[in-house]
Amino acid sequence: MQINSLTDFFIHSLSDIYSAEKQLTRALSKLARESSNPELADAFKKHYEETQGQIERLDQLIEAEPNIKLKRMKCHAMEGLIEEAGEVIEATEKGSVRDAGLIAAAQKVEHYEIASYGTLCTLASQLGLKKAHDLLSATLEEEKTTDNLLTKIATSSINKKAEGK
């Protein structure tokens with residue numbers, strides 16, 4: 001896709017995050033299955049449902065903005081982040097060390113999403129796309145909440161268990 005304007009960049013970034021969210025829905029179920037901590041598994045299951053809602057929100061954005069047409073593309077960043085999570089699973093036994101690694105992998109994903117949605121919110125504002133901005137902001141807040149929840153789960157028990165304390 002040739003990018004010649006801020007609108008083109010917005011569409012490119014939106015297409016990228018759409019692909020990322022689709023890829024993430026496939027990965028979250030596996031993360032939940034590979035977790036040994038029930039609270040962590042539940043967090044992954046909850047985020048799966050939330051991600052489905054985020055995809056629906058992106059679909060609403062596209063319907064609300066007739067000049068926005070997504071491009072077919074693959075988010076290589078998300079592909080790599082998911083691959084890293086798979087490497088954690090392969091390199092660890094099921095238990096607290098794996099759980100700590102899965103949280104770290106998931107937080108990398110959350111930070112990528114936070115950066116992406118933050119950029120998209122700024123672009124939507126600059127382009128005068130109020131409805132898009134509102135929809136993207138809602139998702140940005142969900143991503144921040146998920147990141148905070150993962151930190152809480154890690155620091156309340158999993159990391160201490162993984163360390164052997």
Side-chain angles (χ1 to χ4, degrees), residues 9-62 70 73-92 94-125 129 132-163:
F9 185 66
F10 178 75
I11 292 168
H12 175 83
S13 299
L14 199 61
S15 300
D16 187 68
I17 199 66
Y18 193 84
S19 167
E21 296 290 16
K22 290 284 198 174
Q23 289 178 58
L24 186 57
T25 58
R26 293 187 292 275
L28 282 166
S29 296
K30 183 175 184 178
L31 296 180
R33 280 192 312 274
E34 295 295 337
S35 303
S36 62
N37 180 287
E39 186 181 12
L40 180 58
D42 286 346
F44 286 139
K45 289 173 190 170
K46 179 182 177 242
H47 195 53
Y48 170 84
E49 292 168 14
E50 205 170 63
T51 301
Q52 296 284 61
Q54 292 166 352
I55 292 168
E56 289 172 18
R57 202 176 285 136
L58 289 170
D59 289 335
Q60 288 173 12
L61 185 159
I62 295 157
L70 291 186
M73 60 186 294
K74 184 173 206 170
C75 178
H76 297 289
M78 185 60 74
E79 182 179 42
L81 291 168
I82 290 169
E83 194 174 298
E84 280 189 36
E87 290 169 5
V88 167
I89 292 167
E90 300 228 349
T92 57
K94 198 163 189 169
S96 57
V97 172
R98 176 180 288 173
D99 289 346
L102 292 178
I103 289 171
Q107 286 193 291
K108 286 181 184 182
V109 167
E110 292 309 309
H111 292 196
Y112 176 75
E113 290 179 310
I114 289 166
S116 296
Y117 282 107
T119 298
L120 283 164
C121 285
T122 299
L123 293 172
S125 286
L129 303 172
H133 177 271
D134 293 347
L135 291 166
L136 293 164
S137 290
T139 298
L140 176 60
E141 290 311 310
E142 288 176 353
E143 300 299 1
K144 289 177 181 179
T145 299
T146 297
D147 182 49
N148 289 332
L149 175 62
L150 290 169
T151 296
K152 180 180 164 269
I153 294 169
T155 58
S156 67
S157 64
I158 290 176
N159 288 354
K160 289 174 187 159
K161 251 188 180 173
E163 191 180 350

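Hydrogens, waters and symmetry mates play no part in the numbers below; they use all other heavy atoms, side chains included.
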| So do the side chains of Gln107 and Ile103 get within less than 4.5 Å of each other, counting heavy atoms only? | yes
| note | In this structure, CG of Asn148 is separated from CD1 of Ile153 (nearest 0.5 Å) by 11.0 Å
| task | Establish, from distance only, whether the side-chain atoms of Glu113 and Gln54 form a donor-acceptor pair under 3.5 Å. | result | no
| task | Considering non-hydrogen atoms only, spot the tightest contact between Thr155 and Lys160 and give its length. | result | O-NZ, 3.7 Å
| said: Minimum heavy-atom separation for Glu34 and Asp99, please, with both atom names. | reply: O-OD1, 4.2 Å
| How about Leu58 and Thr139: do any of their side-chain heavy atoms sit closer than 4.5 Å? | no
| query | What distance separates Phe44 CZ from Thr51 OG1, expressed to the nearest 0.5 Å? | reply | 11.0 Å
| request: Determine, for Glu141 against Lys144, whether the closest basic-nitrogen to carboxylate-oxygen distance falls under 4.0 angstrom. | output: yes
| message | Distance check, rounded to the nearest 0.5 Å: Leu40 atom CG versus Leu102 atom CG? | response | 6.5 Å
| field | Note, Met78 side chain near Lys22 side chain (heavy atom, < 4.5 Å) | value | no
| query | Which pair of non-hydrogen atoms, one from Ile158 and one from Ala100, has the smallest distance, and what is that distance? | reply | CG2-N, 3.6 Å
| message | Using every non-hydrogen atom in the two residues, find where Ala85 and Leu31 come nearest and quote the distance to one decimal. | response | CB-CD2, 4.1 Å
| For His47, which of Lys45, Glu50, Glu49 qualifies under side chain to side chain donor-acceptor pair (under 3.5 Å)? | Glu50
| When rounded to the nearest 0.5 angstrom, what distance separates CD in Glu83 from CD in Glu87? | 5.5 Å
| query | How many angstroms lie between atom CG of Leu61 and atom CG of Leu136, to the nearest 0.5 angstrom? | reply | 5.0 Å
| said: Check Glu21 with Arg57, please: is the shortest side-chain N to carboxylate O separation under 4.0 Å? | reply: no
| request: Using modelled atom types only, decide if a donor and an acceptor are shared between the side chain of Glu143 and the backbone of Tyr117 within a distance under 3.5 Å. | output: no
| If every non-hydrogen atom of Ala41 is compared with every non-hydrogen atom of Ala32, which pair is closest and at what distance? | CB-O, 3.6 Å
| query | Looking only at atom types and distance, does a side-chain atom of Ser19 sit under 3.5 Å from a main-chain N or O of Ser15, one as donor and one as acceptor? | reply | no
| remark: Separation between OH (Tyr48) and CG (Asp42), nearest 0.5 Å, reads 15.5 Å
| request: Give the C-alpha distance, both sets of side-chain angles, the deciding distance and a yes or no for side chain to side chain contact (heavy atoms under 4.5 Å, CB included) between Ile89 and Lys30. | output: CA-CA 10 Å; Ile89 292 167; Lys30 183 175 184 178; 3.9 Å; yes
| said: Tell me the closest heavy-atom pair linking Cys121 and His133, and the distance in Å. | reply: O-CD2, 3.1 Å
| field | Heavy atoms from other residues, nucleotides or ligands near NZ of Lys46 exceed 12 (cutoff 6.0 Å) | value | no
